[in-house]
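Scroll down for the structure; my scribbles are underneath it.
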Amino acid sequence: MAYWLIKSEPDVWSWDQQVKKGITGWDGVRNHQAANNMKSMKVGDQAFFYHSNEGREIVGIATIVKTAHPDPSDETGKFVMVDVKADKPLKKAVTLAQIKADPKLASMALIRQSRLSVCAVSDAEWAHICKLGGL
DNA sequence: GCCAACGTTGGC
DNA sequence: GCCAACGTTGGC
């Protein structure tokens, strides 16, 4: 099983909305690297749900429930999305500042490529963030 | 609101 | 195919 991190601006799509809605298509990704990451996702993979811009923190964990398929919001038909479902919230949100300040996490893809909206998380990083999040 | 990083577009 | 111009993302 692999681990990921998906970003969303809470103004546009927040964790609360995800919880309320249950399963949603993660549409709107228009970056090839991010799209490639989604193509690598398998059903059952887990992803941190990160609030960008406002909050700048990891607030919950989502599960991948459907692998990459065409994104209906993409008129060119080139991009894909996966379906995700809210799994559980972190007891304590893990902030970007915390991640940057932690030597175990400072080299995460999230930090190295700040503009990449779907990025991979290593097993060690996943475990450490879960611990910081009180899980 | 500013700016750095980076992706995309279009002229050549 | 190169590269300058421009647009977007996202942290601060």
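So you know, we letter chains A, B, ... as the sequences are listed, proteins then strands, and number each from 1.
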- Task: Determine which pairs satisfy ring pair (Phe, Tyr, Trp, His ring centres under 6.0 Å) with at least one residue from residues 93-130 of chain A, sequence neighbours left out, and list them in order.
- Result: A:Tyr3-A:Trp126, A:Phe48-A:Trp126
Close N or O pairs between protein and nucleotides 1-6 of chain C (under 3.5 Å):
none

- Message: Measuring centre to centre across the rings, with the benzene-like ring taken for any Trp, is A:Phe49 within less than 6.0 Å of A:Trp13?
- Response: no
- Query: For A:Asn53 and C:dT9, what is the distance between atoms CG and P respectively, to the nearest whole Å?
  - Reply: 10 Å
- How many angstroms lie between CG in A:Asn36 and CG in A:Leu116, if you round to the nearest 0.5 Å? 10.0 Å
- Note on the structure: Separation of C:dG11 atom C1' from A:Ile99 atom CD1, nearest Å, is 13 Å
- Message: Rounded to whole Å, please give me the gap between CD in A:Gln33 and C1' in B:dT8.
- Response: 15 Å
- Item | Under 3.5 Å side-chain donor-acceptor pair for A:Ser73 and A:Arg30 | yes
- Query: Tell me: CG of A:Asp11 to P of C:dG11, nearest whole Å?
  - Reply: 13 Å
- Message: By nearest atom, which of the nucleotides C:dG10, C:dG11, B:dG7 is closest to the A:Leu96 side chain?
- Response: C:dG11
- Note, A:Met81 side chain near A:Val29 side chain (heavy atom, < 4.5 Å): no
- Between atom CD in A:Glu54 and atom P in C:dG11, what is the gap in whole Å? 12 Å
- Message: Side chain of A:His32, heavy atoms from C-beta onward: which of C:dT9, C:dG11, B:dT8 has the nearest atom to it?
- Response: B:dT8
- Note on the structure: In whole angstroms, the gap separating P of B:dG7 from CZ of A:Phe79 amounts to 12 Å
- Item | Hydrophobic cluster identity match, A:Ile58 and A:Leu96, side-chain contacts under 4.5 Å | yes
- Task: Give the rounded distance in Å between these two atoms: NE2 of A:His51 and C1' of C:dG10.
- Result: 15 Å
- Look at A:Tyr50 and C:dG11 and indicate whether a side-chain polar atom (N or O) is within less than 4.0 Å of OP1 or OP2. yes
- Item | Atom-to-atom span, CD1 of A:Ile111 to P of C:dC12 - whole angstrom | 8 Å
- Item | Pairing residues for A:Asn31 by the side chain to side chain donor-acceptor pair (under 3.5 Å) criterion, not counting sequence neighbours | none
